[in-house]
Structure formats: C-alpha cells, structure tokens
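Here the structure comes first, spelled out in structure tokens, and everything after it is commentary.
Keep in mind that this is a model prediction, so the values were computed, not measured. These numbers come from the heavy atoms of this one structure, side chains and all, not from hydrogens, waters or symmetry mates.
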Amino acid sequence: MDAPKQKKPFFRFSMYWMYAIVILFLVGILYFDDNSMTKEVSYSKFETYVETGGVTKIIVFSNKNEAEAFLSDSLAQKVFTANQYKPGSGINAKIITDIPSADKLQDKIDQWQAEGVFSGEVKFEKSSDFSTLLWTFGPVALLIIFWFVMMRRMSGKDSGSGGVFSVGKSKAKIFDKDGPVQVTFKDVAGLSEAKTEIEEIVEFLKNPQRYTNLGGKIPKGALLVGPPGTGKTLLAKAVAGEANVPFFSMSGSDFVEMFVGVGASRVRDLFRQAKEKAPCIVFIDEIDAVGRARGRNPNMGANDERENTLNQLLTEMDGFGTNSGVIILAATNRADILDKALMRAGRFDRQIYVDLPDLNDRVAIFNVHLRHIKTDDSLDVELLARQTPGFSGADIANVCNEAALIAARHNSPTVGRQDFIDAVDRIIGGLEKRNKITTDEEKRAIAVHEAGHATISWHLRYANPLIKVTIVPRGKALGAAWYLPEERQITPSQALLDEMCSTLGGRAAEELFLGRISTGAANDLERVTKQAYAMVVYYGMSEKLPNLCYYDSTGQDYGFSKPYSDDRAKTIDEEVSRIIAEQYERAKQILREHAAGHNKLAEVLISREVIFTEDVEKIFGKRPWVSRTDEILAARDKQAADEAANKPANDQSTPPPTDSTNPPTTPNTPTAPQPPTTPQPPTEPEEPSTPDSTTPPPFNGLPK
C-alpha cells in the first residue's frame, strides 16, 4: 500500500515573495513620485503668494480641505533656498495649505480672477489615501515581513537543510517500510558470508521471539569493513529494502559542523527519533569521520568537537540508558583508526568483513549487472571474471556499463565479447592513442621490451599466463601486456620471485638485444623494488633475515622510532639489492636461451602491433604448466558430477535452497592471516598490468 501523499500547503512563504514585495515598493515610490518640491504654508501666506501673481495652477482637494498651488520660477526662488530649487532643472515647486472650505476658496479664486492677479488653471479633485499609507506604514511593514522571513529561514521551516534554530537536529533520512523499495538482497551478488549475517539481523527484527525464547539477545550493532567499492553501502540499502522497519540513513560527516556542540546534539536527536520508531535500524556511513581514535593529534587543550560527538555516540549506543530495538549498522574502510571503545562488543557486536570478490563472486556480480544489458552468445562470463582479478563490485559495474557504451558507439545491436575486452582494457590502461608520434626506433624498443615480458612469463611456472600484448600507446603507457593472474590464498616465495623475474624481463631484453636501456622500465623497477622490500621486511623470505616481519597490521606504525638498528637497515638494503640482481640475471639467462623465439615475437609485434596467446603458442609451444585456477574449477566440476552420479535414484529429499546469484565457493584451508592487499591501478609510463590479488602489500618506505 502506497504511503498517503501529504497535502501541500496552499500558500508557502519563501524568500522570493520578499524580493517581490521590495520591488513593488520601489515601483510604487517611482510611480507616486511626481518630481516636485513641496512646502506647507499657512492660508494667509497662500493668499499672499497668489496675489503677487506667482501662482500658475491651483488644485483643490475637496474631501480633505486642502489645496496645492504650483509656483512660477521667480516665486519659487523666494520660497525655497538656492540649494533646494534651481530654475530650469525641471522640478515643479508647489505649496500646500489648509483651506476653510472648498466653497470659500472658490469665491476667493473668482475674486482673484476678476482682479487679474490669477489667470491659471483650477482643478477640484478627491485625493487618494494610498500614497499616504504607503509612505507611512510601508517601511514598517517591510521591516516586519523581513523579520518574519528571517525567523522562518533560521528555524529551518522553509529550507531543506535546516537553519540556525534547527542546527542541532538530526539530518538522517528515514526510509519507512511503506516507502518505495529500490534495492533488495537479490541485487547483491557474491558476499555470501556477509549477506548471511546481514540477513540474520533483518530476521532478528522480523521475528525476535525466535531468538529471545532461547535466552539470546539481539545484536546491538554490526560494522561493515572492507575496501572501497565492495558493496558495504549496497548491503545497507538492501537491508533498508528488506526490513519491514524504519531505516535511518546518515553519513558520519553529517554530525559535525562549525558550531560547538552540534555533533553531540544531533547524535541525541538521532537516537531519540530511533527510540520513538523502535524497532528500527540506524545506518551510519563512513563512521570514521567521527569514530577516529581519541587522543591522537590533540588540539593544544582546546575543545575537540569530534571527540565530544564520539563520546555522545558511545553513550547512546551502550550507556546507562536502555536502547532496545535499535540496531546500528556502520560502514568504513578505515577500521584500523577507529576508537577501541567503539569497536567493543555491546556496541558493535559483529564486524562483517566485505572483501574483494573472488572468482565465483565475480561471476555472480557480472550476472547481476548483465541482466539489463543485451548481450550476444559469444560472451563468456567466466572468462570475464578471470580477466578481472582484484576488481571490486563497483569496478565490475563500470566494466559492464563501459562495454555497453562501446557497443553503442559502434552501432552494434548487442554487446559482444570484444566489447567487454575493450572495456577492461579501457579501464585498466586508458584509451588507445594510435595517432601518437612514435619513431621506428622507439617502436622497435617497445616491441623488444614487451616481448621480453611475454617470453619470460611463458617459461616460468608461477608467472601469470599471457592473454594479450600490444605496442599501441594506451593512456600513459607506450605498450601494454595483459595477464591472467591466478586465484591464490597464499603465495609461495618462488611465485614472488617468478613474478619479479617476469617484470624485469623488459629491461633485460633491452640490454641484451638493443645494447642499451631506457626509461620505459621505470614502473617495472618501482614494482620490483616494493616487492623485494616486502619479501624482506614483511614476509621474512630473506636468507640473512629469515622469519622477521616489520609490518604493523594495526596501522599504528612505529611512531618516530624504527624497530631495527642502522646496521639492520643496511642489511635490508643489501638483501633487497641481492634479490633484484639475482632475478635480473635469471631473466637475462632465460632470454639468452630463447633468443630466437623472442626475436620472432618482437617482429610479429612490430608488424601486427597486437599479439594473443595463440601467437605465443605458435612460437614457443604450449606451456607445460596447467593454470591453477583451471585445476580448481575442474576439480569443483568433477566433484559436483560425482555427487550427482552417486546420488540414489530414489532419493526424493528436497535440496536446500540456493541463491542463484551466489555459486558455491571452493572451501579453502584456513591459513595464517596475510597482510591486507589492495590492487593498485596501473600507473607505469611503459605498461599497465592487470591488478593481482596475490601481490604483496605495497611497500611505501621503511619506518622512520
């Protein structure tokens, strides 16, 4: 049932009405201003002025017993001062007087006309009181209207953003159960574990007796944590669409403004509204705006508005007063900086980690975003999912939209496989620049460089399989190579070394086959250096410094001190240099062994500008190693086929319901927690690479 529409007021005062009144007042002043100078005189002086012959016109207002007389220039100069009246200025000079009556003045005018002292025009009129009222009460009315409008605006009645008197009110948007539903759990693909916990929270509110009968308590809050674009806010929108309870949505930055005490006041008002509508859900997006740990960066003893807001939030979530029926949802990608008191049980009982989607989740996310796109039969969704490792849900949505735009640009009736491949290339590497000026010498150097990467990655077991290599400039890159990274939960040291060797293949090929090196490998060297430092100081994969880790997972770092001596820092630098030098020599050795194949590959690149996996297979033959991801998928399909074959024919048991948007995932053996990895977009000036979820965390310098 649709919510009843609120009746709009017949008349709503706004600031535009104020502007209109001021304009009308100014127009009235101009309309009633007759460009004249007026002076009030006594009746005796009026008679004297007329008898001197200096009056040219008389107007008698019979209803007011008042008369106006227009003066000649000579008489006006006597009545008014030189500063007030100047002859020839076009200003009418007149005098006003009170008369005994209109009849007596008429007799007097007849006498003046008979004597010849007055020969001007005489008019009898009835004056209007509007001009008098306008001049008398107009300024007062304007002042009252201005005060009234300003009070309404300051109280927030005529402005959606509130005013001075409503500055402490909560800005939360309320999504009631009778409102329109836009997002449901069907629109959230992947994230099976996070969805399970979120769905359980919704079930708490729909059927609380199911849990309270056993003595359990409804969780007070859940914190959604994960990288940007993984679907934290989307999950909250799905909760708003699924739960039959009021849903309050607000950003962390909405609490704090320029006034002292506003944040705490808004927190109090938010929870007051929530308690009135309990049971309900309160969602605070980007809670790190107010939830940052207290005590950091003290403001020289001054009042910290953000800390006051956090203190009030902590009290409202789990303080002395009861807060039953209100569940708090919050989202952030900076959980490491949140205050410990905010993270404790009783405030956020659950921390739901929303990670980057794996292969199965990416397939499900692609299927969700492809529902409204006209695709042809050539599209392989699983291949697209394998080509987008490290992509978040937002990135995948961008890929689907970009593919549709590319197909529309080419006037295609449907969106095909090539459109999606071009979309992935566009997002990772940027637009192609075929008109970029490149000499033959530079083109050959780029081809040799890219062929070096392709050759070494083809002959190393743990290197990522090649998909495509091009020497067409794209974005900031002069050449690009796309690989198919493996889905890994843990990465052995040999895989890191193989990846480093493959990355150094471009620089090694330039030195071997061109006899010189160039700046094209700048980003390659940056990536290799960070990876080598990560192996030494993060993973303990060094011969001289085994089993040591200087990575601080809490995000606190080490302050102004470093956790090792200067001698240890020198040893770290030596180990990093040794690892990189060994892999560089290894890359040159592989290129020497396959120099002929590398030369053919470079020539094909120069002539065709783009090569694919099939072209590399013709030169080097098939790779002797099967893709790890293919092995996992094949084992999963075999297991499903065996279970279907071994199932008894008379088994009529109903299979458990499954979510079509969430294919079953392959169970993984639990391992020690790894440092968080964030896929980095390609920024190299020479070649972008597909983000790899197995890449170690970027090393941004040793602790100072």
Side-chain angles (χ1 to χ4, degrees), residues 229 357 359 362-436 438 443 446-447 450-451 453-454 457 464-485 523 604-617 629 679-693:
L359 178 60
R362 291 198 299 273
V363 172
I365 294 172
F366 266 111
N367 288 328
V368 167
H369 292 295
L370 291 176
R371 288 185 303 192
H372 306 294
I373 296 179
K374 297 179 181 179
T375 59
D376 58 17
D377 299 333
S378 65
L379 183 63
D380 186 354
V381 178
E382 188 168 306
L383 178 62
L384 281 177
R386 292 187 61 183
Q387 289 183 353
T388 52
F391 275 44
S392 64
D395 295 329
I396 293 176
N398 192 21
V399 168
C400 296
N401 183 66
E402 194 70 34
L405 297 179
I406 292 174
R409 191 180 305 142
H410 296 157
N411 296 323
S412 302
T414 58
V415 186
R417 173 177 176 269
Q418 188 60 41
D419 296 323
F420 280 92
I421 293 176
D422 293 342
V424 175
D425 296 349
R426 165 71 179 86
I427 292 172
I428 295 177
L431 286 173
E432 286 189 347
K433 297 180 179 178
R434 293 187 174 272
N435 58 348
K436 196 167 188 175
T438 306
K443 190 174 182 180
I446 297 171
E450 297 298 337
H453 287 306
S457 65
N464 297 321
L466 178 71
I467 296 178
K468 171 185 173 183
V469 179
T470 177
I471 59 173
V472 177
R474 181 183 289 274
K476 293 183 179 180
L478 299 177
W482 281 263
Y483 299 90
L484 198 62
N523 188 256
V604 173
L605 262 177
I606 294 174
S607 60
R608 290 170 44 187
E609 293 188 335
V610 180
I611 60 173
F612 297 93
T613 306
E614 298 79 8
D615 302 307
V616 184
E617 282 186 359
T629 306
Q680 301 293 327
T683 58
E684 57 183 301
E686 179 267 328
E687 56 172 3
S689 61
T690 305
D692 186 358
S693 59

Sub-4.5 Å side-chain heavy-atom contact between [X] and [Y]:
{"X": "Val469", "Y": "His453", "result": "no"}
{"X": "Leu370", "Y": "Ile373", "result": "yes"}
{"X": "Phe366", "Y": "Val399", "result": "yes"}
{"X": "Asn464", "Y": "Ser457", "result": "no"}

*Using salt bridge (charged side-chain N to carboxylate O under 4.0 Å, His left out) as the criterion, list what pairs up with Arg417, not counting sequence neighbours.*
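Counting only residues at least two positions away or on another chain, Arg417 forms no salt bridge (charged side-chain N to carboxylate O under 4.0 Å, His left out).
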*Please identify each residue that fulfils salt bridge (charged side-chain N to carboxylate O under 4.0 Å, His left out) with Lys443, with sequence neighbours left out.*
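Only Glu609 meet the salt bridge (charged side-chain N to carboxylate O under 4.0 Å, His left out) criterion with Lys443.
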Hey, could you give me the [atom1]/[atom2] distance between [X] and [Y], rounded to the nearest 0.5 Å?
{"X": "Ile396", "Y": "Asn401", "atom1": "CD1", "atom2": "CG", "value": "14.0 Å"}
{"X": "Arg362", "Y": "Thr388", "atom1": "CZ", "atom2": "OG1", "value": "5.0 Å"}
{"X": "Leu605", "Y": "Thr470", "atom1": "CG", "atom2": "OG1", "value": "7.5 Å"}

Smallest separation among heavy atoms of [X] and [Y], with atom names:
{"X": "Thr414", "Y": "Ala407", "answer": "O-CB, 3.9 Å"}
{"X": "Ala447", "Y": "Ile606", "answer": "CB-CG1, 3.6 Å"}
{"X": "Glu382", "Y": "Leu359", "answer": "O-CD1, 4.4 Å"}
{"X": "Val363", "Y": "Val381", "answer": "O-CG1, 3.9 Å"}
{"X": "His369", "Y": "Cys400", "answer": "CB-SG, 3.7 Å"}

*asked:* Among residues at least two apart in sequence or on other chains, which ones pass side-chain hydrogen bond (donor to acceptor under 3.5 Å, both in side chains) with Asp380?
replied: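 Partners of Asp380 under the side-chain hydrogen bond (donor to acceptor under 3.5 Å, both in side chains) test: none.
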*For Ser392, check side-chain hydrogen bond (donor to acceptor under 3.5 Å, both in side chains) against everything at least two apart and list the hits.*
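Per chain and number, Ser392 pairs via side-chain hydrogen bond (donor to acceptor under 3.5 Å, both in side chains) with Asp395.
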Donor-acceptor list for residues 418-429 side chains, cut-off 3.5 Å, not counting sequence neighbours:
residue	atom	partner	partner atom	Å
Gln418	NE2	Asp422	OD1	2.9
Asp419	OD2	Gly416	N	3.0
Asp425	OD1	Trp482	NE1	3.3
Asp425	OD2	Lys468	NZ	2.7

